[in-house]
Trainee: 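Structure provided below as structure tokens; questions to follow.
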Amino acid sequence: MAGLVAAVRARELGADVVVHEKGSRPGGSMLLSGGFVFRYREWGRFREECPGGDPELQRLVWERLDDALAWLESLGAPVAERETGNPLTTGLRFDNPGLVDVLVRRAGDVRLESPLVALREEPLILATGGFQGDRELVREHVTPEADTLVLRSNPWSTGDGLRLGLAAGARTSEGLDEFWGRAMPAPPAWITEETFRPLSQTYGRFARITNQHEEVYEARTWSEIDVAQWIARQPRGRAWFAVPDDALGERVRDRTVREIVESARAAGGPVERLDGETVVEVVAGITTTLGGLAVDTRGRVADGIWAAGADAGGISLGGWASALASALVLGLAAAEDAAGAVSA
Ligand SMILES: Cc1cc2nc3c(=O)[nH]c(=O)nc-3n(C[C@H](O)[C@H](O)[C@H](O)COP(=O)(O)OP(=O)(O)OC[C@H]3O[C@@H](n4cnc5c(N)ncnc54)[C@H](O)[C@@H]3O)c2cc1C
């Protein structure tokens, strides 16, 4: 998201831009996402939900998002829904393939399978999507149970931006141990990019959540980001969701808990009846890391280097706020500053 946005904006401002894309297709995790680009309706609520994040960066995202969404729409990005379905938030849901298509066409020179592996002389915006795809970095910063995590993201975000930024003298942000993710059915469940979203087990608030020592955890956020982070740190990276029969009819967005449980069963996940409850064994899916390089409100990390998207850490910490929103706003801010640096 952030790289394409930055390229489009920098070109609008007259810069010559090359987008180096490591993957075999453009769009990164944005293409796989739910497409919800949102902010909390109330500034105070944003702070309450994500108390660990940098307030200045949060303020930037919160204040600029509505204009940034209007800018995306003005480019022709197709909107799928004008509501987020969550009374706490406001934003748009984009049709992802259409959004990627619009951005790629306007970004100009997008080179696929062209990973950036070294620093360059020209202004450089790092937007490699975080480090969730690198098992060793995840083990070092997030959890010793890294091997048990399901990668719920594009496969190419392996911390290249973090490494390049640090090599250029950048600092790390707070929250390197935090990530956004979902509870997913444990092995042998068959999980693919297409089933990242439908197989997400998003009913922790209706379940009794335990680890293998029978220690109980209670979901404390609407997004259940805390549940995924807790599971990731349990012995063998495992937890069990025990759902009483009377909770199976509860709704989570457009599905019942029963339907979500059945999706886990159908994928081959461990689901059983025990003591009159339906019990689903889960692991944590890691979608995006939330700590990264420390940026200022122009996205700067070092001389001539900017970062945006998940490479720019420290915005939604302690809870969940739209990573697509941060990627969009920081992508624009970085491009504007970098384009100014080119023309100055
Ligand atoms: C299933 C799923 C659902 C989601 N739903 C939502 C949602 O509804 N709302 C929301 O806000 N967020 C959501 N997210 C998270 C969101 O998609 C990501 O956090 C967001 O795309 C991050 O933007 P980014 O630009 O940092 O990374 P990406 O969009 O992943 O882009 C990073 C790009 O960098 C490329 N890259 C990596 N290394 C290099 C290198 N060395 N050189 C060149 N290119 C490189 C990658 O291939 C990738 O294309 C979801 C994610 C997933 C997977």
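Quick caveat: nothing in here was measured; it's all calculated off a predicted structure. Ligands are counted one by one from 1 in listed order, and the atoms in each one are counted from 1 as well.
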Trainee: Give the atom numbers and elements of ligand 1 that come within less than 4.0 Å of a heavy atom of G23.
Mentor: 47 (O)
Trainee: Counting only heavy atoms closer than 4.0 Å, does ligand 1 sit against the backbone of F36, its side chain, both, or neither?
Mentor: both
Trainee: To which of V5, N96, L32 does the heavy atom nearest atom 1 (C) of ligand 1 belong?
Mentor: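 The residue whose heavy atom sits nearest atom 1 (C) of ligand 1 is L32.
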Trainee: May I ask you to check whether D311 has an N/O atom sitting below 3.5 Å from an N/O atom of ligand 1?
Mentor: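 N/O-N/O distance below 3.5 Å does not exist for this pair.
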Trainee: Pick, from R152, R111, M1, E194, the option with the minimum heavy-atom distance to atom 23 (O) of ligand 1.
Mentor: M1
Trainee: Determine, for F36 and R253, whether the Lys NZ or Arg CZ falls below 6.0 Å from the six-membered ring centre while staying within 45 degrees of the axis.
Mentor: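 Yes - R253 lies over the ring of F36, closer than 6.0 Å to its centre and within 45° of its axis.
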Trainee: So which heavy atom in the protein is nearest atom 45 (C) of ligand 1, and how far is it from that ligand atom?
Mentor: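 Checked against all protein heavy atoms, atom 45 (C) of ligand 1 sits closest to K22 CB, 3.4 Å.
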Trainee: Which of the atoms in ligand 1, numbered in the order shown and given with their element, are less than 4.0 Å from a heavy-atom of R197?
Mentor: 1 (C)
Trainee: Look at D160 together with R163 and state whether they make a salt bridge at an N to O cut-off of under 4.0 Å.
Mentor: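 Yes, charged N to carboxylate O under 4.0 Å.
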Trainee: Salt bridge between E145 and R233, side-chain N to carboxylate O under 4.0 Å?
Mentor: no
Trainee: A2 to ligand 1: N or O pair under 3.5 Å?
Mentor: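 By distance alone, the answer is yes.
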Trainee: So, is P115 polar-close to ligand 1, with some N/O to N/O distance under 3.5 Å?
Mentor: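 Min N/O separation from ligand 1 is not below 3.5 Å for P115.
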Trainee: Hey, is ligand 1 close enough to S29 that some N/O pair sits below 3.5 Å?
Mentor: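 Right, the criterion is met.
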Trainee: For atom 40 (C) of ligand 1, which candidate among L116, I286, T289 holds the nearest heavy atom?
Mentor: L116
Trainee: Check whether NZ of the Lys or CZ of the Arg R298 lies under 6.0 Å from the centre of the six-membered ring of W306 and within 45 degrees of that ring's axis.
Mentor: no
Trainee: Among all protein heavy atoms, pick the one closest to atom 11 (O) of ligand 1 and tell me residue, atom and distance.
Mentor: S322 OG, 2.6 Å
Trainee: What I want to check is whether the side chains of T158 and K22 have a donor and an acceptor closer together than 3.5 Å.
Mentor: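 Checked: T158/K22 side chains pair up, N/O donor to acceptor below 3.5 Å.
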Trainee: Can you tell me the protein heavy atom closest to atom 52 (C) of ligand 1 and the distance?
Mentor: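 For atom 52 (C) of ligand 1, the nearest protein heavy atom is T287 CG2, 3.5 Å.
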Trainee: Look at atom 20 (C) of ligand 1 and say which protein heavy atom is nearest, naming residue and atom and giving the distance to 0.1 Å.
Mentor: L324 CD2, 3.7 Å
Trainee: Select the closest option to atom 17 (O) of ligand 1 among A6, S24, S33, S114, judged by heavy-atom distance.
Mentor: S33
Trainee: G309 heavy atoms, cut-off 4.0 Å: which ligand 1 atoms fall inside?
Mentor: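 With G309 as reference, the close atoms of ligand 1 come out as 26 (O).
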